[in-house]
There are 2 protein chains.
Amino acid sequence: MAKYSKIPEATIRRLSNYLKCLGDLETKNEKVASSALIANICNVNAAQVRKDFAYFGEFGIRGMGYNVKELKRHIKEILGINREWRIAVVGIGNMGSALLVYKDFLKQNYKIVAAFDVQPERVIGHISERVGRPVEILHVERLKEVVKARNIEIGIITTPPQEAQKVADWLVDANIKGILNLSPSPVRTPEHVKLRNLFFTSALDNLVYYLSN
Amino acid sequence: MAKYSKIPEATIRRLSNYLKCLGDLETKNEKVASSALIANICNVNAAQVRKDFAYFGEFGIRGMGYNVKELKRHIKEILGINREWRIAVVGIGNMGSALLVYKDFLKQNYKIVAAFDVQPERVIGHISERVGRPVEILHVERLKEVVKARNIEIGIITTPPQEAQKVADWLVDANIKGILNLSPSPVRTPEHVKLRNLFFTSALDNLVYYLSN
DNA sequence: GCTATTAAGAGAAAAAATTAACAAGCTATT
DNA sequence: AATAGCTTGTTAATTTTTTCTCTTAATAGC
């Protein structure tokens, strides 16, 4: 690992993608996969795949390929998702509710251990209607207290846009380590709190650009 | 525009981001913005901002900066969102419901004109409870017919993962032009149907990597 | 056990993207 | 009308990322 000083951001994005594809391969009971196969599934170059892995170690067997299960484990370790990450969701509208019952999180060791809203009582019927309430909805004024008590490291913002920055500030104040903002309004955090904004419209913008050009 | 033969994919991603930030500036009633200001807000280099725009034309005034409104218009035109894009959402669970009432789409000229589910009757109460039903939920067997009748160009998949590929195939069969897959399972489409997979866990994976390293 | 085949890993080369530097152009002021 | 002060657009330099080529290692068949 001392061999490489800096790992491309794009490599990290691809690792996450490889992981998903390997999950699919595992489902299909494939034991080994060559870089060429992975490349094909993920729409990248085979040399790219090998190089991406090479940043972190030697995970393959020459002449054979990569052991799917083992490679998954390695990637999870690289990404840091080989342990549980405790998450709070703030803003339990439709989007927040969707996350609370989102099974895929668990596969990746993400666990939603708290949910907040300005009107907890409003929410209850809404969620439980279809899936049962997976976690109690708390009033957002308890945010700081509960983040600490439950060792929460990541906050997901699913409020309306006009509340997003305020909630981000609260999360920062609660000593959260990272924030994923799913509201359509970009938020800012101080240097020490990692942030990802994920906008649906951006994904559509991108799609539409390539549809138009 | 003949000056540049190929535009970086990253530039397109950033354009979408600039657009969001410009929207914010507009809200704050800022009339002009320098590349340095935009760069600061979007966490990129000022030269990058200017270069990104330069691929497509000269939108600024030397000594002054960029007119916010005008620049927004230009970017929208570049991305192809200066006209209405008609969208179908397939799978009206929590996530699908969230999209149906997602106000931000309209700002970007995205209009959801159809919604499909395997059990339309199951859905009705679920959505209308909080926002009123914005669009009738149809049985998914009517997909092809309705996509054609309503001139739908984009499909968004919000089904459970095990249905995602099947729905993608249906959308392709219905002559859809582009697909945004929000289900956690990657899908594939033929060359001529543009595809974007958007995974929540990938955003978290990325966040967690930088939290861990 | 040897050989042919396959596929990873390493390093070099090529391509692409970002950043820096600067000339050109606009505005305001005197 | 000339000049000073900014900020863009552009070219050049640098850095980063991707791709190619070649070497090495493992496996399977004979």
Side-chain angles (χ1 to χ4, degrees), chain A residues 1-18 21-22 25 30-75 78 206 209, chain B residues 1-18 21-22 25 30-72 74-75 78 206 209-210:
Chain A
M1 202 152 305
K3 202 191 300 179
Y4 300 99
S5 55
K6 194 167 168 285
I7 285 127
E9 148 79 22
T11 291
I12 303 306
R13 267 205 306 276
R14 282 191 298 265
L15 283 182
S16 182
N17 202 225
Y18 297 149
C21 294
L22 290 169
L25 287 173
E30 303 282 347
K31 299 300 181 201
V32 291
S34 67
S35 60
L37 175 64
I38 297 172
N40 178 260
I41 298 178
C42 295
N43 282 310
V44 293
N45 183 292
Q48 179 94 265
V49 173
R50 296 198 295 274
K51 177 127 249 182
D52 282 339
F53 297 153
Y55 282 112
F56 304 97
E58 302 192 6
F59 307 137
I61 301 167
R62 299 180 188 212
M64 291 298 288
Y66 299 88
N67 179 301
V68 172
K69 252 198 174 65
E70 216 176 290
L71 185 56
K72 266 188 72 178
R73 196 164 42 74
H74 280 300
I75 296 179
I78 293 164
N206 201 273
Y209 173 79
Chain B
M1 204 150 302
K3 204 191 299 180
Y4 298 99
S5 56
K6 193 167 169 284
I7 285 127
E9 148 80 23
T11 290
I12 303 306
R13 266 205 307 275
R14 281 190 298 267
L15 282 182
S16 181
N17 202 224
Y18 298 147
C21 294
L22 290 170
L25 286 173
E30 303 282 348
K31 300 299 181 202
V32 290
S34 67
S35 60
L37 175 64
I38 298 172
N40 178 261
I41 298 178
C42 297
N43 282 311
V44 294
N45 184 291
Q48 179 93 265
V49 174
R50 296 198 295 277
K51 174 129 244 199
D52 282 340
F53 297 155
Y55 283 114
F56 304 97
E58 304 190 6
F59 307 137
I61 300 167
R62 298 180 187 212
M64 291 297 288
Y66 300 88
N67 178 300
V68 173
K69 253 199 171 66
E70 215 176 292
L71 185 55
K72 268 189 70 180
H74 280 301
I75 296 177
I78 293 163
N206 201 272
Y209 173 81
Y210 290 102

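Letters A, B, ... are given to chains in the order of the sequence lines, protein chains preceding strands, and every chain is numbered from 1.
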> Just how far, in rounded Å, is P of D/dA26 from CZ of A/Phe59?
Replying inline: 17 Å
> What residue pairs, at least two apart or across chains, pass side chain to side chain donor-acceptor pair (under 3.5 Å) with a residue in residues 30-39 of chain A?
Replying inline: A/Asn29-A/Lys31, A/Ser35-A/Arg50
> How would you list, by chain and number, every residue that makes a salt bridge (Lys or Arg N to Asp or Glu O under 4.0 Å) with B/Glu9, sequence neighbours excluded?
Replying inline: B/Arg13
> What does B/Phe53 touch in the nucleic acid at a heavy-atom separation under 4.0 angstrom: a base, only the sugar-phosphate, or nothing?
Replying inline: nothing
> What are the residues of residues 35-44 of chain B, sorted by number, that bring a heavy atom to within less than 4.0 Å of DNA chain C?
Replying inline: none
>> Taking ring pair (Phe, Tyr, Trp, His ring centres under 6.0 Å) as the definition, give me every residue that meets it alongside A/Tyr66, ordered by chain and number, with sequence neighbours left out.
In response: A/Phe53
> A/Lys6 has an atom NZ; how far is it from atom P of D/dT14, in whole Å?
Replying inline: 18 Å
>> The criterion is salt bridge (Lys or Arg N to Asp or Glu O under 4.0 Å); which residues satisfy it with A/Lys72, sequence neighbours excluded?
In response: A/Glu26
> Where along residues 61-69 of chain A does a heavy atom fall under 4.0 Å from DNA chain D?
Replying inline: A/Ile61, A/Arg62, A/Met64
> ring pair (Phe, Tyr, Trp, His ring centres under 6.0 Å) with B/Phe59: which residues, sequence neighbours excluded?
Replying inline: B/His74
>> Let's see if you can work this out: which of C/dA10, D/dT18, D/dT10 has an atom nearest to the side-chain heavy atoms of A/Arg14?
In response: D/dT18
> How many angstroms lie between atom CD1 of B/Ile7 and atom OH of B/Tyr55, to the nearest 0.5 angstrom?
Replying inline: 8.0 Å
> Between atom CG of B/Asp52 and atom CG of B/Asn45, what is the distance when rounded to the nearest 0.5 Å?
Replying inline: 10.0 Å
> C/dA21 C1' sits how many Å from B/Gln48 CD, rounded?
Replying inline: 16 Å
>> How many whole angstroms separate atom OH of B/Tyr55 from atom P of D/dT11?
In response: 13 Å
>> How many whole angstroms separate atom CG of A/Asn45 from atom C1' of C/dA14?
In response: 13 Å
> Given atom CD1 of A/Ile12 and atom C1' of D/dT18, what is their separation to the nearest angstrom?
Replying inline: 16 Å
> How would you list, by chain and number, every residue that makes a side chain to side chain contact (heavy atoms under 4.5 Å, CB included) with B/Asn67, sequence neighbours excluded?
Replying inline: B/Lys69, B/Glu70
> Can you tell which of C/dG9, C/dC22, D/dT18 lies closest to the side chain of B/Arg50?
Replying inline: C/dC22
> Could you give the CD-to-C1' distance, from A/Glu9 to C/dA17, as a whole number of Å?
Replying inline: 14 Å
>> Which nucleotide wins on minimum distance to the side chain of B/Ala47, given the candidates C/dA20, C/dA8, D/dT8?
In response: C/dA20
> Can you name the residues that form a side chain to side chain donor-acceptor pair (under 3.5 Å) with A/Asn17, not counting sequence neighbours?
Replying inline: none
> What is the distance, rounded to the nearest whole Å, between atom CZ of B/Phe56 and atom P of D/dT10?
Replying inline: 14 Å
